Novice: 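Dumping the structure here so I can ask a few things about it.
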Amino acid sequence: MQYWIPASLVASLFISGCSLFPEDVIEQSKVETKPVAELKIPAGLMAAKKPAQFDIPPAPHAPVTEVELKSPMQVLALATNSRVEEEEKEARIWFERSEFTGELLPYLKQNLLDFGTEKQIEITPKGQDGLTYETGWVSRFEEEGFWFWKSQIEKEQSRFLIKLEPKTHGRSVGVKVQLLEHRFIDSDNKLSAIAQKREEVYFLNRLVDKIATVELAQIKLKKAQSRQITLTTGFDAEGNAAMLTGQSIDMAWSQLELLFEQNGFVVNDLNRTNYTFFLSYKEPDAGFWDSLWSSDEIIAVPLAAGDYQLVLAKSDVGTSLSWRDSSGKILSAEKVNALYQALVKIVRKNNIEL
């Protein structure tokens, strides 16, 4: 039996030798292709018509042109009030008036000039209507070298024409970019039609990104201004000292979860049915690296390190927040008032709606 296994292994190797040693395979002869003879039409019958629109004309001496393998550029509607029309052939994007833009045309003009100032691009108005602008030379750079010897080398320059196309009702304005001039720094090459469109779209996308950034800052500012801190001190239904907020109990519950994060509180357990948080508090300690890199103020809460309970209940004004120690005893009015002063600072710092 012990000789049978090696013997069978050797036999299998010989059988599969053609797959184990591909260099020993005999080279197969090339398959000869035979041309198909023309279809013979019997006498008295007409040959079927052959469409010529699919015929490839012979071009034995046609020059071989280099194929551009770069991906096409697309206009990116990054701003919330921007859109690109289907089957658009030009480098154009449309903006709609919104609550953040006010009068749309002056808004776009100001953003265009701010974009030129920020990117150090000369932008000059042309014409009497104030809807056409020309740029100075916009440089494109490429990084060369490696490590400490990297440097930005100027490779090409372009000039663009920017047209603002407002609709008659004034609620929509198109922004179109056209390439006026282009030149390579170290060669006399010319841009292809595809490369020209890519340059126009690239410049337009940079402008749209500027407008989207301004819009995002306005949205954040308005959202921060709309937050109102309704948290105050008062009494719960049993007449005990508590905090009161105008938020609903479910909204207050979700916002308190944000308040506990990174402010010294740890949620050990919670009871969603009774709206109770079981907390541990320890004054946050800024580490060495935090003191170096972080500029945020650490807000200490006037609580001794230990375990606490926070019980939420519905009230006439919204929700009451009852602070208790680990045994369930309600904290005094003095402690609740001191705790309230610190929590208001945390709410403002973290933009919490409470």
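Every heavy atom of this structure was used, including side-chain atoms; hydrogens, water molecules and symmetry mates were not. Nothing here was measured: the structure is a model prediction, and the numbers come from that model.
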Novice: Ignoring hydrogens, what is the shortest heavy-atom contact between T319 and Q247? Give both atom names and the distance.
Specialist: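 For T319 and Q247, the tightest heavy-atom pair comes out as OG1-O, 2.8 Å.
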Novice: Quick one: pull up CZ in F203 and CG in L161 and give me the separation to the nearest 0.5 Å.
Specialist: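 Result: 10.5 Å between the selected atoms.
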Novice: Is there a chain of hydrophobic side chains (I, L, V, M, F, W, Y, each step under 4.5 Å between heavy atoms) that links M243 to V311?
Specialist: no
Novice: So, N205 side chain and L76 main chain: donor-acceptor pair closer than 3.5 Å or not?
Specialist: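 The answer is yes, because a donor-acceptor pair under 3.5 Å joins these two groups.
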Novice: So, for Y308 and F265, is the gap between ring centers shorter than 6.0 Å?
Specialist: no
Novice: Examine distances only and state if a side-chain atom of Q255 and a backbone atom of E353 form a donor-acceptor pair shorter than 3.5 Å.
Specialist: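 Yes; judged by distance alone, with no hydrogens or angles, the pair exists.
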Novice: Is a salt bridge present between E156 and R140, judged by a nitrogen-to-oxygen distance below 4.0 Å?
Specialist: no
Novice: Between T101 (side chain) and Y107 (backbone), is there a donor-acceptor pair under 3.5 Å?
Specialist: no
Novice: Show the nearest heavy-atom pair for residues S315 and S320, with the distance to one decimal.
Specialist: OG-N, 3.9 Å
Novice: Could you tell me whether the side chains of D325 and S327 share a donor-acceptor contact shorter than 3.5 Å?
Specialist: yes
Novice: Salt bridge check, R92 against E165: does any charged N sit closer than 4.0 Å to a carboxylate O?
Specialist: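 Yes.
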Novice: To check you understand the geometry: which heavy-atom pair defines the closest contact between T245 and A252, and what is its length?
Specialist: CG2-CB, 4.2 Å
Novice: Got a donor-acceptor contact below 3.5 angstrom from the E215 side chain to the T80 backbone?
Specialist: yes
Novice: In terms of hydrophobic clusters joined by side-chain contacts under 4.5 Å, are F184 and V138 together?
Specialist: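 Yes.
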Novice: With a 6.0 Å cut-off (strictly less than), is the heavy-atom count around CD of E118, excluding the residue itself, greater than 12?
Specialist: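 Correct, the count exceeds 12.
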Novice: Please walk me through it: do W94 and E85 pass side chain to side chain contact (heavy atoms under 4.5 Å, CB included)?
Specialist: CA-CA 8 Å; W94 289 92; E85 293 186 347; 3.6 Å; yes
Novice: Under the 3.5 angstrom rule, does the side chain of R97 hit a backbone N or O of G170 as a donor-acceptor pair?
Specialist: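 Looks like no, no N/O pair under 3.5 Å.
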Novice: Check the side chains of S139 and E154 for a donor-acceptor pair under 3.5 angstrom, ignoring hydrogens and angles.
Specialist: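 Their side chains do contain a donor-acceptor pair, which is all the 3.5 Å distance test asks for.
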Novice: V75 versus E88: any side-chain heavy-atom pair under 4.5 Å?
Specialist: no
Novice: Examine I162 and V84 and state if one hydrophobic cluster contains both, with Ile, Leu, Val, Met, Phe, Trp and Tyr joined whenever side-chain heavy atoms are less than 4.5 Å apart.
Specialist: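 Yes; tracing contacts between hydrophobic side chains, which count when under 4.5 Å, links both residues.
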Novice: Is there a chain of hydrophobic side chains (I, L, V, M, F, W, Y, each step under 4.5 Å between heavy atoms) that links L113 to V208?
Specialist: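 L113 clusters together with V208.
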Novice: Give a yes or no on whether a salt bridge exists between K176 and E200, defined as a side-chain N under 4.0 angstrom from a carboxylate O.
Specialist: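 Here K176 does not pair with E200 in a salt bridge, since their nearest N and O are not under 4.0 Å apart.
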Novice: Can you spot which of E181, H182, R183 makes a side-chain contact (heavy atoms from CB on, under 4.5 Å) with S158?
Specialist: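 The option that passes is H182.
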Novice: Between E199 and K197, does the salt bridge (charged side-chain N to carboxylate O under 4.0 Å, His left out) criterion hold? Intermediate values first, please.
Specialist: CA-CA 5 Å; E199 290 291 321; K197 179 66 176 298; over 6 Å; no
Novice: Flag the pair K155 and E144 as a salt bridge only when some basic side-chain nitrogen lies within less than 4.0 angstrom of an acidic carboxylate oxygen.
Specialist: yes
Novice: Are more than 12 heavy atoms, taken from residues, nucleotides or ligands other than R348, located less than 6.0 Å from that residue's CZ atom?
Specialist: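 No, because the 6.0 Å sphere around CZ of R348 holds 12 heavy atoms or fewer from other groups.
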Novice: When hydrophobic residues are tied together by side-chain contacts of less than 4.5 Å, even through go-betweens, does F235 share a cluster with L339?
Specialist: no
Novice: Which pair of heavy atoms, one from A338 and one from P302, lies closest together, and at what distance?
Specialist: O-CG, 3.4 Å
Novice: Do NZ/NE/NH1/NH2 and the carboxylate oxygens of D307 and R324 come within less than 4.0 Å?
Specialist: no
Novice: Is there a side chain to side chain contact (heavy atoms under 4.5 Å, CB included) between L270 and W253 once you walk through the steps?
Specialist: CA-CA 11 Å; L270 50 86; W253 177 275; 4.1 Å; yes
Novice: Sub-3.5 Å donor-acceptor pair from the side chain of Y281 to the main-chain atoms of V301, do we have one?
Specialist: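 Side chain of Y281 to backbone of V301, a donor-acceptor pair under 3.5 Å: yes, one is there.
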Novice: Counting only N and O atoms by type, is there a donor-acceptor contact under 3.5 Å from the side chain of T276 to the main-chain atoms of N274?
Specialist: yes
Novice: If the test is side-chain contact (heavy atoms from CB on, under 4.5 Å), which one of L258, L343, L231 qualifies with I352?
Specialist: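 With I352 as partner, side-chain contact (heavy atoms from CB on, under 4.5 Å) holds for just one option, L258.
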Novice: Spell out, as yes or no, whether a donor-acceptor pair under 3.5 Å connects the side chain of K109 to the backbone of G130.
Specialist: yes
